[in-house]
Amino acid sequence: MNGEFRTVCVRTCDGYFFPMSNAASLGDFERDQKNCESSCPGTEMQVFYTRGMDDDAGNMTSSATGRPYSELPTAYLYKQANYSRPPQCGCNAQAENFSIIGGNPPNPEQPQPDSGATTLVPAAKLDAGADPETLANAAGGLDRAAIKQLTAKVPASPVSALPPEQRKVRVVGPAFLPDPSAAIDLQAPAPKTAR
């Protein structure tokens, strides 16, 4: 079999799957299997593949066993309304297999919840009528007082008020154009010198 395959990662305990690669070759299956296993540690994960992008999930084939997804005893189990996933069928986040790669790390002084109990904290309700820029300004602490402080005129430096001979620092400012009386007329011919 040659060509490109679409690979997906399947959690075998409940049949849940998500895409891995849209253009994999046979040599990429081992790489995708490693990535699949590392994406959900503590649970059996397996790579399945199809030929095209439009193939039905039931037509996926296991790269390890060669059997179709539809023959997996737990195929589509995660979609059933009355299915309650057991804890051992999830990614094992409690085993500290994950590291924080973005955002803020947890506060060490804050008490950690028990591993058996789940504490839900309600999120702050956002103003439905506010635009995204206003919400971002509020989150960043940019209010009227901060804007006034940012737009306030900066007082002139006392160094630039001194005469040039008393300054210890060279002041670079708006007087950078040459004196107009010393300018030459570019349209007039240059004076000729006599010999």
Side-chain angles (χ1 to χ4, degrees), residues 1-128 130-141:
M1 296 186 332
N2 292 332
E4 292 184 346
F5 300 95
R6 178 178 151 239
T7 58
V8 295
C9 186
V10 177
R11 188 168 55 203
T12 57
C13 59
D14 65 352
Y16 177 77
F17 57 90
F18 53 90
M20 289 299 292
S21 177
N22 288 330
S25 65
L26 287 174
D28 295 329
F29 285 178
E30 185 177 334
R31 172 205 66 195
D32 286 352
Q33 180 65 38
K34 288 179 182 176
N35 290 338
C36 183
E37 290 169 356
S38 68
S39 67
C40 195
T43 303
E44 182 186 356
M45 303 297 285
Q46 203 173 99
V47 171
F48 281 70
Y49 66 90
T50 61
R51 273 275 185 200
M53 295 294 289
D54 298 330
D55 275 352
D56 181 37
N59 295 335
M60 298 185 302
T61 306
S62 170
S63 64
T65 64
R67 297 179 61 193
Y69 175 79
S70 57
E71 290 183 15
L72 190 67
T74 56
Y76 302 111
L77 183 62
Y78 72 97
K79 286 187 173 186
Q80 294 180 3
N82 59 354
Y83 175 69
S84 177
R85 190 182 77 214
Q88 65 270 18
C89 186
C91 298
N92 192 1
Q94 294 298 328
E96 297 182 14
N97 293 321
F98 295 100
S99 61
I100 296 175
I101 57 172
N104 297 325
N107 186 355
E109 288 109 27
Q110 186 177 9
Q112 298 297 322
D114 295 337
S115 60
T118 303
T119 306
L120 299 177
V121 178
K125 187 173 181 181
L126 300 175
D127 181 12
D131 64 307
E133 187 175 352
T134 302
L135 295 173
N137 287 345

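Only a predicted model underlies this, so the values are computations on that prediction, with no experimental measurement involved.
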- Item | Gly15 backbone acceptor or donor facing Tyr69 side chain under 3.5 Å |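 Here the side-chain-to-backbone pair exists.
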Close side-chain approach of [X] to [Y], heavy-atom, < 4.5 Å:
X	Y	result
Leu26	Phe5	yes
Val10	Leu72	yes
Thr7	Phe29	yes

Quick one: pull up [atom1] in [X] and [atom2] in [Y] and give me the separation to the nearest 0.5 Å.
X	Y	atom1	atom2	result
Tyr16	Met45	OH	CE	9.0 Å
Ser63	Gln33	OG	CD	5.5 Å
Thr50	Arg6	OG1	CZ	4.5 Å
Arg85	Leu77	CZ	CG	11.0 Å

Intermediate values then yes/no, ring-ring contact (aromatic ring centres under 6.0 Å, His included), Tyr83 and Tyr78:
CA-CA 7 Å; Tyr83 175 69; Tyr78 72 97; 8.5 Å; no
Contacts satisfying salt bridge (charged side-chain N to carboxylate O under 4.0 Å, His left out) that involve residues 70-81 (not counting sequence neighbours) are Arg67-Glu71
For residues 8-31, pull every pair meeting salt bridge (charged side-chain N to carboxylate O under 4.0 Å, His left out), keeping only residues two or more places apart or in separate chains.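 Residue pairs with at least one partner in residues 8-31: Arg11-Asp14, Asp28-Arg31, Glu30-Lys34.
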Any idea which heavy atoms bring [X] and [Y] closest together, and the distance?
X	Y	answer
Cys36	Val47	CB-CG2, 3.9 Å
Asp32	Met20	O-CE, 3.5 Å
Ser39	Pro41	C-CD, 3.8 Å
Cys13	Thr74	O-CG2, 3.4 Å

Residues at least two apart in sequence or cross-chain that pass salt bridge (charged side-chain N to carboxylate O under 4.0 Å, His left out) with Glu44, listed by chain then number, are none
- Evaluate disulfide (SG to SG under 2.5 Å) for Cys9 paired with Cys40, printing each intermediate quantity in order. CA-CA 10 Å; Cys9 186; Cys40 195; over 6 Å; no
Review point. Between Phe17 and Phe48, does the ring centroid distance fall short of 6.0 Å?
Key: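 No, the ring centres sit 6.0 Å or more apart.
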Q. Yes or no on side-chain hydrogen bond (donor to acceptor under 3.5 Å, both in side chains) for Thr12 and Gln46, after CA distance, side-chain angles and deciding distance?
A. CA-CA 7 Å; Thr12 57; Gln46 203 173 99; 5.9 Å; no
